[in-house]
Amino acid sequence: MVFRPPTSCQRISRHSGQRTSQCPATDPPLHFCATLEKRSVSLTLPGSDARFHPRSTARGAVMHDPKYLRDHVEAIRMALGARGHDVPWDAIRKLSEERRMLTAQAEQLRHELKKGSDDVARRRRAGELADDVIAAMKHIGDRIKEIEDRLRETEEALKGLALRIPNLPHETVPPGLDASHNLEVRRWGTIPSFAISPKPHWEIGEALGILNFDRAAKIAGARFALLQGTGARLERALINYMLDVHTSQHGYREVFPPVIVNRQTMTGTGQLPKFEEDLFRLRDEDWFLIPTAEVPVTNLHRDEILTENQLPLRYTAYTPCFRREAGSYGKDTRGLIRLHQFNKVELVAFTTPDQSYQELERLTGHAEVILRSLNLPYRVVTLCTGDLGFSAAKTYDIEVWLPSQGHYREISSCSNFEAFQARRANIRYRPGKKDAKLEFVHTLNGSGLAVGRTMVAILEHYQQPDGSVLIPEVLRPYMGGMERLTPE
RNA sequence: GGAGAGGUGGCCGAGUGGCCGAAGGCAACGGUUUGCUAAACCGUCGUAGGGGCUAAAACCCCUACCGAGGGUUCAAAUCCCUCCCUCUCCGCCA
């Protein structure tokens with residue numbers, strides 16, 4: 001298996017709107033994902049100027065120039081390397097060409113039909129008969145119907161496949177197979193040494209009486225947690241503290257969105273169609289529980305046209321998050337690390353393309369501020385191509401040190417999606433320059449932070465030999481001045 | 001859950017079968033006027049796909065789009081059906 005991350009991604013300034021402003025309610029637009037339009041993928045491909053413009057009309061996605069698409073299918077496939085391993089490229093290419101052909105035929109016939117109809121109108125007005133034209137047009141109308149039926153099928157098939165193509169990694173993303181190839185960027189804080197071996201957070205919490213997993217299992221099942229007393233209050237304190245910092249110090253606007261969303265919303269941010277098995281879906285409805293606030297908050301501006309001077313837009317949201325955790329059997333079965341329901345404060349940003357990587361650094365820094373103020377040691381790693389999520393172009397994971405496990409664990413994940421989500425969700429902006437075309441915004445988000453895992457880190461770092469746990473100073477105002485958790 | 005009203009361009013809002021990509025207004029942009037601002041006046045002004053011409057644009061031609069999907073018709077924003085969404089009233093409810 002060969003990994004070919006895009007090695008030299010020279011930017012070419014090209015922007016192009018590509019969709020109508022309507023977005024079918026249950027039929028998300030076709031997006032060949034990828035930020036290709038903004039990058040020249042430097043591969044040995046002829047004429048690959050990296051433009052890749054699917055088109056969508058109210059009928060759905062429609063195809064264009066086959067040679068063009070073929071170039072791009074190839075360019076994307078090469079650039080994705082192993083990330084594109086399970087994408088059916090041949091089928092995409094074949095369907096693309098078919099769509100191109102059918103579109104051309106349909107357009108030609110519609111042109112004739114239009115002219116014929118005008119002719120009928122003209123003759124009627126002149127008081128002439130038009131029966132011959134009417135007969136001919138009737139025939140053409142039937143042929144159009146046939147072709148459009150085939151076209152519709154082709155488009156649906158193509159769209160279904162194209163929505164499964166992941167985003168392209170940014171040029172600064174290190175190549176690699178899996179998490180072991182992630183690149184550490186920086187560390188902060190000192191890893192503490194404990195006189196006796198530090199207890200895991202669930203032992204600490206259960207001894208304090210603030211965590212109860214037996215009851216959670218009774219009322220819900222495995223991978224749920226019950227917080228009690230000061231534990232519940234600490235969770236609430238963390239949420240409030242994080243929101244306060246992000247709104248008053250970092251300039252984010254607080255939102256509190258629905259945690260149940262529809263299929264189109266899930267498709268806009270990239271959870272669907274590929275990852276349905278990771279989501280909780282409501283019975284009898286095309287509704288899903290959100291796995292992260294990224295989903296509703298990024299979709300705030302779906303199908304909207306923003307103005308450049310509105311950007312950047314920065315939102316923060318506290319929501320519960322729900323994940324099936326399918327395929328994680330046996331991992332992190334104890335404690336608060338991996339639950340079906342957990343709390344998270346999320347940061348979401350919309351920017352112009354030229355600012356998004358600056359924004360990624362900024363946003364990551366905002367998440368780090370929380371850890372620093374809690375005095376929790378952490379490191380930042382850049383995910384390698386093999387570990388990168390489906391929709392992301394670049395991701396920094398922030399990992400907090402967990403004393404009981406003796407290693408760093410993810411507590412935040414901050415990503416730039418470039419235009420990938422904006423394309424799927426049709427979020428555009430009008431550049432300030434006169435005569436400027438509409439462009440897709442860039443979207444970003446990051447946890448700031450995962451509340452449950454922050455609780456884990458606090459319990460473990462602030463545990464005392466007598467079984468109590470000190471409350472970090474910045475949280476004390478949120479705890480009624482309380483300085484220490486003691487057995488309840 | 002019951003009854004009703006409505007979804008048209010960035011926004012508001014006309015438009016009941018052909019000359020409608022769609023009047024008018026607002027906003028925006030360019031200009032004239034102006035001490036500055038404002039006002040007035042003139043002009044431009046939807047999006048996407050394909051093709052032509054280009055070094056690339058501009059520009060020209062074709063096609064699609066009036067909530068979504070389907071139907072009737074030579075021809076649909078306009079007529080019919082289904083669905084989605086919004087609003088109002090009634091009932092129920094945190």
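Numbers restart at 1 for each chain; the letters A, B, ... are given by sequence-line order, proteins then strands.
- Using N1 to N3 plus N6-O4 or O6-N4 for Watson-Crick, or N1-O2 and O6-N3 for G-U wobble, each under 3.5 Å, rG43(B) pairs with rC29(B).
- Comparing the C1' positions of rG9(B) and rG67(B) gives an interatomic distance of 14 Å, to the nearest angstrom.
- A 3.5 Å limit on both hydrogen-bonding distances identifies no Watson-Crick or G-U partner for rA23(B).
- Atom name P, nucleotides rU72(B) and rA22(B): the rounded distance is 28 Å, in whole Å.
- rG46(B) and rG21(B) have their P atoms separated by 15 Å, given to the nearest Å.
- Listed nucleotides: rU47(B), rG70(B), rA64(B). Nearest to the side chain of L438(A): rU47(B).
- Distance from the side chain of R125(A) is smallest to rC19(B) among rU47(B), rC19(B), rC62(B).
- One interatomic measurement links the two molecules: CD of Q105(A) to P of rG49(B), which rounds to 21 Å at whole-angstrom precision.
- In this structure, the salt bridge (charged side-chain N to carboxylate O under 4.0 Å, His left out) partners of R314(A), at least two apart in sequence or on a different chain, are E359(A).
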Between the protein and nucleotides 72-76 of chain B, which nitrogen or oxygen pairs come in under 3.5 angstrom?
residue: rU72(B); atom: OP2; partner: K145(A); partner atom: NZ; Å: 3.4
residue: rC74(B); atom: OP2; partner: K138(A); partner atom: NZ; Å: 3.3
residue: rC74(B); atom: O4'; partner: I134(A); partner atom: O; Å: 3.4
residue: rC74(B); atom: O2'; partner: S117(A); partner atom: OG; Å: 3.4
residue: rC74(B); atom: N4; partner: R124(A); partner atom: NH1; Å: 3.1
residue: rA75(B); atom: O4'; partner: S117(A); partner atom: OG; Å: 3.0

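- Pairing for rA5(B) goes to rU86(B), judged as Watson-Crick or G-U wobble with the two contacts each under 3.5 Å.
- Sequence neighbours left out, not one pair with a member in residues 221-230 of chain A passes salt bridge (charged side-chain N to carboxylate O under 4.0 Å, His left out).
- With sequence neighbours left out, the ring pair (Phe, Tyr, Trp, His ring centres under 6.0 Å) criterion links F256(A) to no other residue.
- Using a cut-off of 4.0 Å between Lys/Arg side-chain N and Asp/Glu carboxylate O, D119(A) and R122(A) are scored as salt-bridged.
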Solution key, residues 128-141 of chain A side-chain donor-acceptor pairs under 3.5 Å, sequence neighbours excluded:
residue: D132(A); atom: OD1; partner: R123(A); partner atom: NH1; Å: 3.3

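- Distance noted for atom P between rC83(B) and rC12(B): 27 Å (whole Å).
- Of the P atoms belonging to rC65(B) and rC53(B), the separation is 28 Å, rounded to the nearest Å.
- For rG18(B), the paired nucleotide is rC74(B), the pair qualifying as Watson-Crick or G-U wobble because both relevant distances are below 3.5 Å.
- Between H366(A) and Y252(A), the ring planes lie perpendicular to each other; the angle is over 60°, past the 30° to 60° tilted range.
- The CG atom of N309(A) sits 14 Å away from the C1' atom of rC29(B) (whole-angstrom rounding).
- Rounded to whole Å, atom C1' of rA64(B) lies 17 Å from atom CD of E112(A).
- With sequence neighbours excluded, the residues forming a salt bridge (charged side-chain N to carboxylate O under 4.0 Å, His left out) with K274(A) are D86(A), listed by chain and number.
- The gap from the C1' atom of rC19(B) to that of rA75(B) amounts to 13 Å, rounded to the nearest Å.
- Comparing the C1' positions of rC87(B) and rG18(B) gives an interatomic distance of 35 Å, to the nearest angstrom.
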